[in-house]
Protein chains: 2
Amino acid sequence: MQIKSPDCTVCQFRSMMFDSLSRDELGRLNTCKSQHLFGKGELIVREGSAIQAIIYLHKGLIKLHKTTSDGRSQIISIARPFDFVGLLSVFSNDLYRYSITAIEDSSVCFINKDCIHHEILNNGKFALDIIRRMSQATDDVLQAKFSLSMKHLRGRIAHILLDFAENIYNTLAFDLPVSRKEISELIDMRPENVIRILSEFRKDGIIRINGPEIVILKPELLRQISDAG
Amino acid sequence: MQIKSPDCTVCQFRSMMFDSLSRDELGRLNTCKSQHLFGKGELIVREGSAIQAIIYLHKGLIKLHKTTSDGRSQIISIARPFDFVGLLSVFSNDLYRYSITAIEDSSVCFINKDCIHHEILNNGKFALDIIRRMSQATDDVLQAKFSLSMKHLRGRIAHILLDFAENIYNTLAFDLPVSRKEISELIDMRPENVIRILSEFRKDGIIRINGPEIVILKPELLRQISDAG
DNA sequence: TGCAATACATGATAATTATCATGAACTGAT
DNA sequence: ATCAGTTCATGATAATTATCATGTATTGCA
């Protein structure tokens, strides 16, 4: 659902991406953006479709994911507001390499690709900014994946729980935004094992599980398990 | 060892990276580059050291790699001349995230980071070019790693053999440029298993092994094993 | 409210992969 | 040429992870 979007010049996200644009440039961007609401589970971008816009997230939580030839799904990353997302192939390809789906009700801003190109061509500072953010974002994804591949299943679960607590929710008690199956797609294991290991952590008194809520009781121990691999 | 480097304006690699630069701009670049030779096994860039230059490869073969906290090594990617490399964090960080090592005798061009920054700031077309290449390069690495994580050991070995044959050497008979151990660091498994599976492939008549040389006898079968996972 | 579909849970077992041990072949340096 | 160190090679075994089977709880919807 499209909604009325704030003027770029007063948007709270301006400083995140568009700090290096002048008032005039922001005004131009304003004319080629639109904002949309997506319900939990709703597809925002379909892998393989033509790239028309870069996106960023005003509110909610989204996942980048892709489906492999044999029908299995992989989650590349989870992004929250202020994260730089959607550029992960916007400039290298005519087609989106990944799908994007809302995992919580989300408000998404679409900025036409050609407009961004235009500003890059005409504002070197902005270009350098984009390069920095892009570079950082892909570095982070790679970093996360490499670190995961070194860990055993328990270490991966420990890591992802701490990640949610520390980087997404900033609290040791939070509602899991994704199913066990989605966790399994994010950290490359089987859903049964996600469930099993969460149960083990519960039995060991490391976490508490109340329906969708996870409470981390022993973060130090979880950290230890994560670091051990 | 530093060597005399060709003038950027007549360099065969100009079209690869610097097509969008004017003669003047190329002239400026010329003053902030240097070219060096590295022997097989020699370290070109050390992970964690301050970023001073972007690099590209004139001749040879190099690997990007990193060492994890517990002392294990991972290879991010292997790059050959004309591949875009070294930017995988040059703009997001003050420190190199990865080491770079020559895996064949190599000739490497270093271009001062600040010079590149300067050109990006003043030439939007060049900036967009860099963004495209960077985006493509990181996409490729991510793609490769995600695809690997879906495969069993045999599939990974099959994949990497075909990759060498098709993308690096353009022939079904080639000398392996890396040890079994390095292969294991590239495709995330144990050296023993690399050796074992290569032996199996040999016994099955899929490949022939003559010392360092690998000859792929049944590429279709290898493809099948790679695709099956 | 009740039904169907999906998510969660757990045990038993199979498949895959890592580890350990041992020895041969190769490599580089004296 | 020889020795030491590394790489390559292979078997036996242990550890990890996936698969299958089965049942309960939860969710969405008619």
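The chains referred to below are lettered A, B, ... by the order of the sequence lines, with proteins before strands, and numbering in each begins at 1. Note that the structure is predicted; figures quoted are calculated from it, not measured.
- Per the geometry, CD1 belonging to B/Ile225 stands 13 Å off P belonging to C/dT16, to the nearest Å.
- For the pair B/Lys63 and B/Glu182, the salt-bridge criterion is met [side-chain N within less than 4.0 Å of a carboxylate O].
- Listed pair A/Arg180 / C/dC8 meets the phosphate criterion, a side-chain N or O lying under 4.0 Å from OP1 or OP2.
- Here the nucleotide nearest the side chain of B/Lys203, chosen from C/dA18, D/dT10, D/dT17, is D/dT10.
- Scanning all heavy atoms of the two residues, the minimum distance from A/Ser77 to A/Val141 falls at CB-CG2, 4.2 Å.
- Counting atom types as modelled, A/Arg196 pairs no side-chain N or O with a base atom of D/dT16 as donor and acceptor under 3.5 Å.
- Side chains of A/Glu166 and A/Asn170: a donor-acceptor N/O pair is absent below 3.5 angstrom, by distance only.
- Nucleic acid contact for B/Arg202: sugar-phosphate only, since backbone atoms but no base atoms lie under 4.0 Å from a heavy atom of the residue.
- At whole-Å resolution of the value, CE in A/Met150 and C1' in D/dT16 are 16 Å apart.
- Atom CZ of A/Arg72 is separated from atom C1' of D/dT19 by 12 Å (rounded to the nearest Å).
- Atom CG of A/Leu176 and atom P of D/dT27 are 14 Å apart (whole Å).
- By the 4.0 Å N-to-carboxylate-O rule, A/Glu200 lies close enough to A/Arg154 to be salt-bridged with it.
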(request) Please report the C-alpha distance between B/His36 and B/Phe110 in whole Å, then the side-chain angles of each, then the deciding distance to 0.1 Å, and finally whether the ring pair (Phe, Tyr, Trp, His ring centres under 6.0 Å) criterion is met. (result) CA-CA 8 Å; B/His36 297 258; B/Phe110 290 76; 5.2 Å; yes
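- Phosphate contact (OP1/OP2 of C/dT10, side-chain N/O of A/Ser199, threshold under 4.0 Å): present.
- Taking atom CD1 of B/Ile197 as the reference point, atom P of C/dA18 lies 9 Å away to the nearest angstrom.
- Atom CG of B/Asn210 is separated from atom P of D/dC8 by 15 Å (rounded to the nearest Å).
- Minimum atom distance to the side chain of A/Asn193 is reached by D/dA18, of the listed C/dA18, D/dA18, D/dT10.
- Between B/Met189 atom CE and C/dT16 atom C1' the separation is 11 Å, expressed in whole Å.
- Contact check, B/Arg190 against C/dT16: no side-chain N or O comes under 4.0 Å of OP1 or OP2.
- Between A/Arg156 atom CZ and D/dT16 atom P the separation is 13 Å, expressed in whole Å.
- Side-chain atoms of B/Ile195 lie closest to D/dC8 of the nucleotides C/dT17, C/dT19, D/dC8.
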